[in-house]
Every structure is written in structure tokens, then in C-alpha cells.
There are 2 protein chains.
Amino acid sequence: MLNFTRKSDYALVALAKLAEGAKAGQPSLSAREIAEAYNLPLPLMMNVLKRLHRAGLIGSTRGVHGGYFLNEEPEHLRLAAVIEAIEGPLQVAVCCQSSSGAEAEQRTCRVTPVCPITGSIRRLNLQIRDLVNRYTLADLLAGLPDGAGFVAETDLVVSQSRTRATP
Amino acid sequence: MLNFTRKSDYALVALAKLAEGAKAGQPSLSAREIAEAYNLPLPLMMNVLKRLHRAGLIGSTRGVHGGYFLNEEPEHLRLAAVIEAIEGPLQVAVCCQSSSGAEAEQRTCRVTPVCPITGSIRRLNLQIRDLVNRYTLADLLAGLPDGAGFVAETDLVVSQSRTRATP
DNA sequence: TAAAATAGTACCTATATCGAACTATTTCAA
DNA sequence: TTGAAATAGTTCGATATAGGTACTATTTTA
């Protein structure tokens, strides 16, 4: 129902912790330290960090004093990259497959062949992804704007005021 | 993973069918007619329509020639209303509860008490909801714009071109 | 009175998520 | 050289959610 998984949430707070640590001069943080900071189970946090590492978003050092660290500046780490590292491609419906969906869709959705709204759903998907991709880890830490900056000023007014006479 | 449920998808195509039917002069369409039009199982479509009806988005007439019809013009039926009629409130994370979340969150999320990004996540949630709420059934049928109008032109370029020397 | 439709709800199954665990490898220090 | 602490990769089980069905009641028309 249009929500991120817990693992994505945990990934975001873990990255937040790494960003704070880096600013405080800590070269790396272990999975244990991060898990304890947020009261999360260690094995789960380990799995999350492993996925972020495999996606190239964080680096790691092994061994006794090992741990994880950001590979990029928080200003360059986009939220969509984090989410997709954990969950795979962002798509609001099965008909939004990015990779050559034709035959895959036939298998997964019964209505696609006669669907009147597939095109629009795909565009909505792109817009949602662009929105998530718009922000970085740094934005997340600094605080996102709460105004829906992207909505044209007229949008709500138009739909409210349109009381066209229907004869 | 940030997707709508199938039931929401089916609700949207059902509403699309009702809008087309209304334009073609049909006062109502039965669950059977809609299910057959899209090759969907009848019991499922019946459930979806019942939920839309209970949410007040469509009206119904019972009996032999009964069926469903739109209660509002397609221009006034917003996508968020449809999704929320089927799935409940749109929220990308458990910490985005609309209704007096304080104690509910404590139960459902372990990190909220010490979370550094809850505020930003809530604002992101509002922005996503605003985006979904921006469009109507009429927009969906006419075709959504595919340009992500709200994304600043520089966003993607920045992340691609950044090849700063890392000494 | 029978048929066709909606209304409400309860139920089952399949899939995905949550979380834990296992084995292997790497690094450091005693 | 040996043990401890950490990451790497993978697999596995439990639980929650979603997808889909079924049952009973009510309404309307022929």
C-alpha cells in the first residue's frame, strides 16, 4: 500500500548515522554500533548494511576495528538510490516494469492488454520516482521542505472552482 | 515496496469503465460487465466495487437491472481518494500516521523515539500524497503529462557530472 | 416466485517481509 | 600463532499482508 519496507527505513537511519559519524571524525561505524544506537536487532542491521555495501553506497573495512562508511557525500546520495538498493526498482504497479516489460506484464497483469490507464500509471510512476530521487541524504538530515513545492498554485483552485453547468 | 495493491489498480480501471459508460449514456454498469471487460474474476471485482461504494465514490442500484455509477464527475474524483478508499491512508512509513500517532508509533517502530529523520519522512509522505492527490480520474483517462514538471532541470545533471577529484 | 443484482462479512491461500542463523573470510592484537 | 571481532554471502523459518473466494442476506424486476 505504497509504503517503504522497514529495511529501507533502517537503511536510511543507518546512513544518517554514518553521515553524523563522518562529520564527527569517525572513520567508520560497525553494524553493532549502529544497531545499538537505534535499538534495532543486530542481524537485521547487518543484512541491511550488506545490501547497501553491495550496491556500492557504502564502503567497508573488515577485521577487528572494521565497519562501514559513506562512499559519497551526503549531498550526493539520493533517496531513490537507497530505496532501490534495498527493494529493487521503484514501481507503483506491475505495469511499470522498466526492463522490456511486454511479456512479463502479460504474465503478471490480466488487464494490461486492454487497460485504458497503463500509460498514465507509468507516468505517475515516473513522477513519484522523480520526487523520491529529488532529495538526498543531506536533505533528509537538514529537514525536507513541508510545502508541496511542486504543485502549481492553481491546481487545487481549478478543480474546486470548476462548477461548469452540465445541461 | 512503494506499490499500489492490485485492488487499487482494479478500482481505477473499474472507475475508468464507469466514466466511459456514463459518457456513452449508460446509467450504470454491473460488476459482471466490468469484470468481463477487463478479464478479472467477478468476486474480486464485486469486493472492490463494494469498497468504492462504501467510501461514497460510486453509487449503486440493486435488483435485476442494478449496477454502479459514478457519484462525481471524473474531473472531481481524485486518485488519492480512490487509493485510500481501498487501502486506507497513504503512508510511506509507520511514522506517518495521520491520527494521533504518538503511542501507536511507539508500538510499531522501535527507532522513532531516537529517529533523526522522522520529520523529513513525514514531509516526504505529504509530498507523495499531494502528488497522487493532484490528479483526477479525468486526468488518468486523458493521459498524465510525462514530464516530471516539478523536478528542477539541474537535478540529474548534477549527479552525473560530478567527477570531483578525490585525492 | 424466481432470477439477477448489490451488501456485508468471513475465510483460505500464496507471497513477501521480518528477522535470525550459518559458514567463510579478513584483520588486529595478545 | 591463535583468538576475537568484524564483514560477506547466503539460506531458512515465522509472521503479516495481499490476492482471491465463498457464504448469507437483501433488493428489485419480470
Side-chain angles (χ1 to χ4, degrees), chain A residues 1-11 14 18 26-36 38-69 71 83 85-88 91-94 107-111, chain B residues 1-11 14 18 26-36 38-69 71 83 86-88 91 93-94 107-111:
Chain A
M1 25 115 90
L2 208 65
N3 52 14
F4 300 130
T5 64
R6 292 293 181 92
K7 286 178 182 174
S8 292
D9 301 339
Y10 300 163
L18 290 181
Q26 296 172 292
S28 73
L29 290 171
S30 71
R32 179 181 306 275
E33 289 172 301
I34 299 172
E36 287 176 354
Y38 293 122
N39 194 30
L40 291 174
L42 177 59
L44 182 53
M45 181 53 71
M46 288 172 72
N47 269 346
V48 167
L49 290 166
K50 277 181 265 193
R51 289 205 208 182
L52 292 177
H53 175 259
R54 213 158 23 156
L57 302 186
I58 58 178
S60 69
T61 55
R62 289 179 156 197
V64 172
H65 297 118
Y68 296 95
F69 51 89
N71 267 339
I83 307 299
I86 303 290
E87 311 188 10
Q91 49 182 41
V92 300
V94 285
R107 271 183 277 115
T108 51
C109 180
R110 316 189 205 190
V111 353
Chain B
M1 25 116 93
L2 209 67
N3 53 14
F4 300 129
T5 64
R6 292 292 180 95
K7 287 179 183 173
S8 292
D9 301 339
Y10 300 163
L18 290 180
Q26 295 172 290
S28 73
L29 290 172
S30 70
R32 177 180 309 273
E33 290 172 299
I34 299 172
E36 287 176 354
Y38 293 122
N39 194 31
L40 291 174
L42 178 58
L44 183 54
M45 180 54 71
M46 289 172 72
N47 267 345
V48 167
L49 290 166
K50 278 180 267 193
R51 289 204 209 182
L52 291 177
H53 176 259
R54 215 163 14 160
L57 301 185
I58 58 178
S60 69
T61 56
R62 288 178 156 198
V64 172
H65 295 119
Y68 294 94
F69 51 88
N71 267 340
I83 307 299
I86 303 290
E87 311 188 10
Q91 48 182 43
V94 285
R107 270 183 277 113
T108 51
C109 181
R110 315 190 206 190
V111 352

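In what follows, chains carry the letters A, B, and so on, assigned in the order in which the sequence lines appear, proteins first and then strands, with residues in each chain numbered from 1.
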If you measure from CG on B:Leu2 to OG on A:Ser8, what distance do you get to the nearest 0.5 Å?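 The CG atom of B:Leu2 sits 9.0 Å away from the OG atom of A:Ser8.
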Choose from [options] the nucleotide whose nearest atom is closest to any side-chain atom of [X].
X	options	value
B:Arg110	D:dT7, C:dG19, D:dG20	C:dG19
A:His65	D:dT21, C:dT6, C:dC28	C:dC28
A:Lys50	D:dA6, D:dA8, C:dA5	D:dA8
A:Arg62	D:dG20, D:dA8, C:dG19	D:dA8
B:Arg32	C:dA21, C:dC28, C:dA5	C:dA5
B:Pro43	D:dG20, C:dA20, D:dT21	D:dT21
A:Val64	D:dA8, D:dA4, D:dA18	D:dA4
A:Asn47	C:dA21, C:dT17, C:dA7	C:dA21
B:Lys7	C:dT6, D:dG19, D:dA8	D:dG19

Take the protein atom [atom1] of [X] and the nucleotide atom [atom2] of [N], then report the distance between them rounded to whole Å.
X	N	atom1	atom2	answer
B:Phe69	C:dA5	CZ	C1'	14 Å
B:Tyr68	D:dT27	OH	P	15 Å
B:Asp9	D:dG19	CG	P	8 Å
A:Glu36	D:dA5	CD	P	13 Å
A:Arg6	C:dG19	CZ	P	6 Å
B:Leu42	D:dG19	CG	P	18 Å
B:His53	D:dT26	NE2	P	17 Å

(Q) Within the structure provided, determine whether B:Pro41 and A:Arg110 are in side-chain contact (heavy-atom separation under 4.5 Å). (A)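 In short, these two side chains touch, coming nearer than 4.5 Å.
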Taking all heavy atoms of B:Lys7 and all of B:Leu44, pick out the closest pair and write down the distance.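 Closest pair (atom of B:Lys7, atom of B:Leu44, distance): CE-CD1, 3.9 Å.
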**OP:** Quickly, which of A:Leu29, A:Leu18, A:Leu57 forms a side chain to side chain contact (heavy atoms under 4.5 Å, CB included) with A:Tyr68? Name it, please.
**Re:**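 Considering A:Leu29, A:Leu18, A:Leu57, a side chain to side chain contact (heavy atoms under 4.5 Å, CB included) with A:Tyr68 is found only for A:Leu18.
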Partner of B:Tyr10 by side chain to side chain contact (heavy atoms under 4.5 Å, CB included), out of B:Ile86, B:Leu49, B:Leu40:
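Single side chain to side chain contact (heavy atoms under 4.5 Å, CB included) partner of B:Tyr10 among B:Ile86, B:Leu49, B:Leu40: B:Leu40.
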**Q.** Closest-nucleotide ordering on DNA chain C, the 5'-leading residue of B:Gly66 and A:Thr5
**A.**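 It is B:Gly66 whose nearest nucleotide is closer to the 5' end.
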Any base atoms under 4.0 Å from B:Tyr10, or only sugar-phosphate, or nothing? Heavy atoms, all strands.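 The residue B:Tyr10 makes sugar-phosphate contact but no base contact.
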(request) Remember a base hit wins even if backbone is also touched, and classify A:Met1 as base, sugar-phosphate or nothing at under 4.0 Å, heavy atoms. (result)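 Answer is sugar-phosphate: A:Met1 comes under 4.0 Å of backbone atoms only.
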Would you mind telling me which residue lines up with the more 5' stretch of DNA chain D, A:Leu29 or B:Pro41, judged by nearest nucleotide?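 It is A:Leu29, whose closest nucleotide lies nearer the 5' terminus.
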**Asked** On DNA chain D, nearest-nucleotide positions of A:Asn3 versus A:Thr61: which is more 5'?
**Response**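 Nearest nucleotide further toward 5': that of A:Thr61.
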